Amino acid sequence: MSNDRHIRTSLLRCGAVFTLLVAGLLCAAPAAHATETWFDPSQQKMPSGDGVFEVDSVSRGPVTIYTYRPQSASSASPIWVVMPGTRRDEHRHLAFDYYDTWRPLADQYGAILLVPEFTAEKWPGAWTYNMGNVRSPNLQAKPWRQTSFYVVEEAFRLASHSLGGHRQKFSMFGHGAGAQFIQRYVMHSGCRHIDRAVAANSGWYMMPESGFQFPFGLGGAPIGDATLGKAFGCNLTLLLGTSDVNYARMRNDRDALRQGKTRYERGRFFYRRSRDVAANMGASFNWRVREVPGVAHQADRMAPAGAAVLAGARVANSN
Amino acid sequence: MPRPLGGNCVFKLASWRGRAAFAPHFSAAIIALLVSTSPFSLAAYAASDQVGESQGGDVTGADDDGWSAPSASATQSGAGGLSIEGLMYRRKGLANVPFTKVGDAPNAPPNADAYVKFFSSELNGMDYTPGARVSLRASVFDQGIELSAFGVAPFRLDHTKLGMSLFTGPAADRTNTDMLYADPAGDLGNMTNSDGIYGLNVHHETRIFGAEANLTSLFGIPALSLGARAINFGETLSTSAMDLGTPPEANVPGLGTGTVRDHATIRVDNRLVGLQLGLQHMFDIGDSLRIGGSVKGGLYNNFVDRNRGFTSENALHNRAFENSNSKSVFAQSVEINPRVELKIAEGTYLTASGQFLWLNNVSTALPHYAHLGNFNGDRDVRAKDDVYFYGGSLGLTIDLDQSAPLSNSLAPFAISSLSASAMSAEDVDERIAQLEDAAAVKGNKRVSLSISGWINRMVLAWDDGAERNVYIADNVSSRSRVEFRGAAKIARGWSAGYYLSLGMDDQASNDLSQLESTGEGKIDLRHSAWWLRSNKYGTMTVGYTSSATDNIILKDTGGIMPGAANIALIGGGLIVRRADWYEQGDGALVTNANRRVDTTLGEFAAGGSVDTLRRNVIRYDAPRVSGQFGNIDASVAWGEDDFWDVAVEHSINYNDFRFRFGAGYLHDTTEGRVVAGHPEYFRDRKEYKGSASILHIPTGLFATAAYVRRTFHGLEEFDAAGTPGSIYGENTSGIVTAPGTNRPPLDYYYSALGLRRQYWSIGDTTVYGEYAQVENAITGLREAGLAEVTDSSLQMFGAAINQDIDAASMDLYAGIRLFKFDTEGVQRQNATTYPVAPAPLTDIMLGFAGARIKF
C-alpha cells in the first residue's frame, strides 16, 4: 500500500464515521419536535395537538395514554381509542406507530385520539392485555379495577373530564391483539361506554358460547345473559382483510382451530356463530362484518377503513 | 384417515411397531405378522391402523353449522418412540499378519528362524468398547420414519516386545530381528532404526459410527423398512521400532524416549453410503413386554481412503514418506438386532437388545503392512476384507405423544385447577407488579430495568485418538451470562436504552485442552452499549456490542443447539495430535518445544470464532420493513480499528413454512506499524458470510446452512532473514510460496438437517445431523508441525438432540461431533525444504451433554 493510498483510506474512514455521527444527530433532531405535552387530565384541559397523560390508579402501575386533539376538535368531537397490536415491549413503542397512522385520520374526521400503551413489561402476554386480565389462571373473576378494560374506561373518563362536555361513550379500533381486546371488552362490559367499535383481523375469538372453553369461549367462565345480550346489541364491526390468510404463527389450540384456519376464516366463523347464539337468545344483533379487499395482516392499511366505520361513513357491507 | 384443516399434511407420530391387534403368544404373533405382510392383508392392516389412531379418543367432529372440525389426526396423540441406549460392541475379524522378519547382514543369525516373531494375533487390550445409540421413530406425510445414529469409542489393541535382537554371546542364542518392511532395495531407504531392532510396539485402533434414515411400514406392510444408511469404519495401525544401539536399551523402560526410532502408520477409512432393506417389528406380549427386533441388509458404495506414513525420528525428512490412495468399491452389510422391551412405567420401556453387524468388502489396515516397503508402487486399497461386531445394548424407549396439534402452536394457556380460595400465581404477580411499580416510578419518566440471562453448563467428553477425558465446561456456543436491559421514552416515537451483558469465562468450552483442564476464571464483557431509537428513523447504538454481521451465520428455525454453526466454540482449544507419532502422550500434540504455540481444532475451524466478534462500534439499524413478503432488517456498523460491516436479514412465517436468511459483508483493517509513511505491516481482511434456515411445520423437517468466505489482503512483518512474523497472520510462511504472498481464502460451510416436533407437552424436540467443512483455515501458515501448510481441510460430522422444557425455560441437549483433519505441507530441516507430503493428524471426537436454563 502506498503512503498516499494509506492516507486516503484513513481520510475516507474518518469521513465515514463523521457522516455516520452527523446522520445520527440529524435523525435525533426530530425527537425535539416529537415531544408531546404532559398534562393532568383531572385538572388541565387536553392540549391541542400531541399530548400525554397517565392512568395511575392501576394495580400494575401507571399506563401512558397518548392523546391527539385536532385543531378542529370541539367539545362534541368523538373520542376514538386505538388499541395497538401484540408487540408491546417497551423499547419498540409500537403504540407510536398506531399513533402516527391514526393522527391524520383523526384530523380527517375531527376525532380526538387516545392511544394507550400497555407495555409488555407491565402487561405480559395475551392473558393480561388481549384477554383483559379478567380472570386468574384458575378462572376466578378478578376485580374490574385489575383488568385492562378498566384502564381504557378510566382513560376515557379522564379525557372526557379534561375536554369538558358530557360524553358518555367513545369509539374504539383495534388490530390483531388490539382487536381481541375490543371483542372481549364488548362482551365482558356489555358494550357500556361504546359508541362504535371495530375489531380488525383478530387472530382468534372468545366465542359467546360454553361449547368453547375459556379463553376460546365461555366454557368455565360464563358471562351473564343480560350482559351478553347487551353485547350483541353493540355497534361492533368485524373488519377483515381478505388477504389475511397467512396462518403461520397463529394460535392453533384445538378450540382455536375449530374457529378456522386463517384470521379471515375465524372472523367469519365468529360472526356466524355469534349471530346464531344471539338468535337463540332472542337478543338483538347489531354486529356486522366488513371486508377490506387485498389487505393482509397490516394495521396501517386497515386503519382508513376502520376510521371510516368509526366515523359512521358507509363501507361496503359484505354481509 | 381424515385430513387436517385445509388439506394440511398430517404429521402423526406412529409406532414402528405397527398397530396390528397382536396375538397374545409370540408364535401366534409371528404367524400374524407373516399373514399380515401378504398382499391380501393390507386392507385388514389399514383398518386396524385406523382403530389404533382412534384409541386416543376422537374429540372433534362437524359443528352444527356444518363446519368440519380438524381431524383427530391433527389434534390427538399417536405413539412415536425415542430410544436412548448404551452400547457395548466387540470387534472381530482382525487379520493375523507378521510385523517382523529375520534380519540380514552384517549380523545375520545362524538360521532363518533366529528372530523374534511378532504377529497381530498377539495384540491385546480392549476388543470391546462402549457407545451409544439414539433412535427416533415418527411419521412424516403419513409415512413412518426412523432416524437413528450410533457411535462407539475406538477399539484399541496394543503390544510391545523388547530384546528382539541379540548380536553377542553364543551363536545359538543370537537373534537378528528386522521390521517386515525393512528392505534395503525398497522405497523406504532409511532403515537404520528398523534393521536389527531392539524393541517394537504395535498399536491398532478401530473406529466405527453411523447413521440411518428408514421408511418404516413401507407400502402398508408393517414390518418392511427401506432407507439410507451411512457407516464410517476405519482402522489405524502404527508401529514403532527401536534400534539396537545406545543408550543401553536394557535401561530404557518400554521403548524409551530416544530418537533412534522409526514409526510406520497405516490408516484406512471406509465411508459406506447406500441403501438398506429390512424387516423390523415388535410384538406386544401382554401389557408389559414387547419382543421383536430387526434384520437389515445394505448395499453401499464404499469410499475408501488409505493413508500411509513413515517417520524416522533421527531423520525427520523421512516424514516425506507419506501418501494417500482412494478408491470406490461396492460393500455390503447385514445387521441383526433381537430386542426385548419391558414396561417400567406408562409409556416407558427398559430395552435390551443384541447387536450383530457384518461389513463386507471393506479395507482394513493389517493386510497393508507387508507392502509398506513398496511404498511408492503399492496403490491397492485392498477393500476385500470383512469384519463383524457383536454385543448388546441397554437403554430406555419412551413412547412420545403428540400433545400439540401442530408445532407452530403458541404456548397453551396455563389454566390452573387450583382451588378458588387459594391465592393464585396471577394474584401474586399482580401484587409484585404493584410493588415493583411503586419502586420504579420516578416522576413522569422511567428507565426500566430487566435482568435476565442463563446458565449453560455441559459435560464435555473428548477423545483425541490417544487420550480421553471428561471436563465440566461452560458451553460458549451460548455462553452463561447475566444481562441488564433498560429503556426510557424520550418523546413520541423516540426512546433510549442500554444493554449490559456479562458472560462467564471461567471454564469456557473453547479454552480447555489436553494440557488445560481449568479455564481462565474470569468474567467477560459481552455488551456495554446505549441506543437511541426512533420508530421512524431507526436505531443508533454506540458501545461495545455486536456489529451488523454478528450472529448473521446463526440463522436457525429448527431449534438446533444455539450457536451450533460456530463449531469451534466447543472443544476448539483441543490441540491436534500427530497420527504418525509413536508417542501416545502429550509429546504427539502439535506444540512447539515450550508448548506455548500450538495448532488447535479451533485454528482448523477458522479461528476463535467464525462469527463476527463483538467490539466497540457505532451501529445503525434501519426501521424494519414489513409486508406480506415478511420482515426485512438492514444494519451497518463501524468499529475500531478500522472495521465496518453491513448486513441484511429476511424472515417470514408463511403458512406451513418458517424461513430465515441473513447475509453480510465486513472489512477489517488495522494500520499496524507505519514508519516514515511506509506501512511495514497491517491487517486487511474481508468476509462474506450468511446463513439460511427453513422449517416445514407440519412435518417438522428443517434445513439450516451457513457459509463464510474470508480473504486476506494485508501485509505481515518480515525479519531480516525474510521470515514473516505472525502478528496478524496475513501472509504465508513464504517457504513454498513467495514471501509476502497472502494466505489463500478461507471457506467455511455448515449445514444441519433434522426434525423438530413437539412430541410431548414439555416442549419441542429437535433431532438433527450436522456437517461442517472448513477449507484452508491454516493453509500457508507455520502450523500442524509443518514449516508451511500447503493444503488444509477440516470435516465435522455430528448428531445431536435438543429438548426444550418450556415450563422451566430450559434446553437440554446432547450430541457427538467427529472432527477429521486433512493437511499437507512441507518440512524444513537444516535449511533444506522437503517435498510436499501429508501430515496425518488423529481424529478428535467430542461428546457433550448439558442444559441451558434461563432466568
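Predicted model, so just to flag it, every value in this text is computed and none were measured. Chain identifiers are assigned alphabetically (A, B, ...) following the order of the sequence lines, protein sequences preceding nucleic acid strands; residue numbering begins at 1 within each chain.
Only the side chain of A/Asp100 has a heavy atom closer than 4.5 Å to any heavy atom of chain B. For A/Phe216, the part sitting under 4.5 Å from any heavy atom of chain B is the side chain, from C-beta outward, and nothing else. Using a 4.5 Å cut-off between heavy atoms, A/Val52 makes no contact with chain B at all. With a 4.5 angstrom heavy-atom cutoff, A/Ala256 does not touch chain B via any of its atoms. For chain B, no part of A/Thr119 is nearby; none of its heavy atoms comes within less than 4.5 Å.
With a 4.5 Å cut-off on side-chain heavy atoms, B/Arg660 and B/Asn653 count as touching.
Relative to the six-membered ring of A/Trp204, A/Arg184 meets both conditions, a distance below 6.0 Å and an angle of at most 45° to the axis.
Under the 6.0 Å cut-off for aromatic ring centres, A/Phe269 and A/Tyr205 do not qualify, their centroids lying 6.0 Å or more apart.
Under the salt bridge (Lys or Arg N to Asp or Glu O under 4.0 Å) criterion, A/Glu209 pairs with A/Arg273, not counting sequence neighbours. Residues meeting the salt bridge (Lys or Arg N to Asp or Glu O under 4.0 Å) test with B/Asp645, sequence neighbours left out: none.
Put simply, of A/Asp56, A/Asn246, A/Asp244, the one with the most heavy-atom pairs under 4.5 Å next to chain B is A/Asn246. With chain B as the partner, the residue from A/His297, A/Gln213, A/Met131 showing the most heavy-atom pairs under 4.5 Å is A/Met131.
In this structure, CZ on A/Arg135 lies 13.5 Å from CD on A/Gln146, to the nearest 0.5 angstrom.
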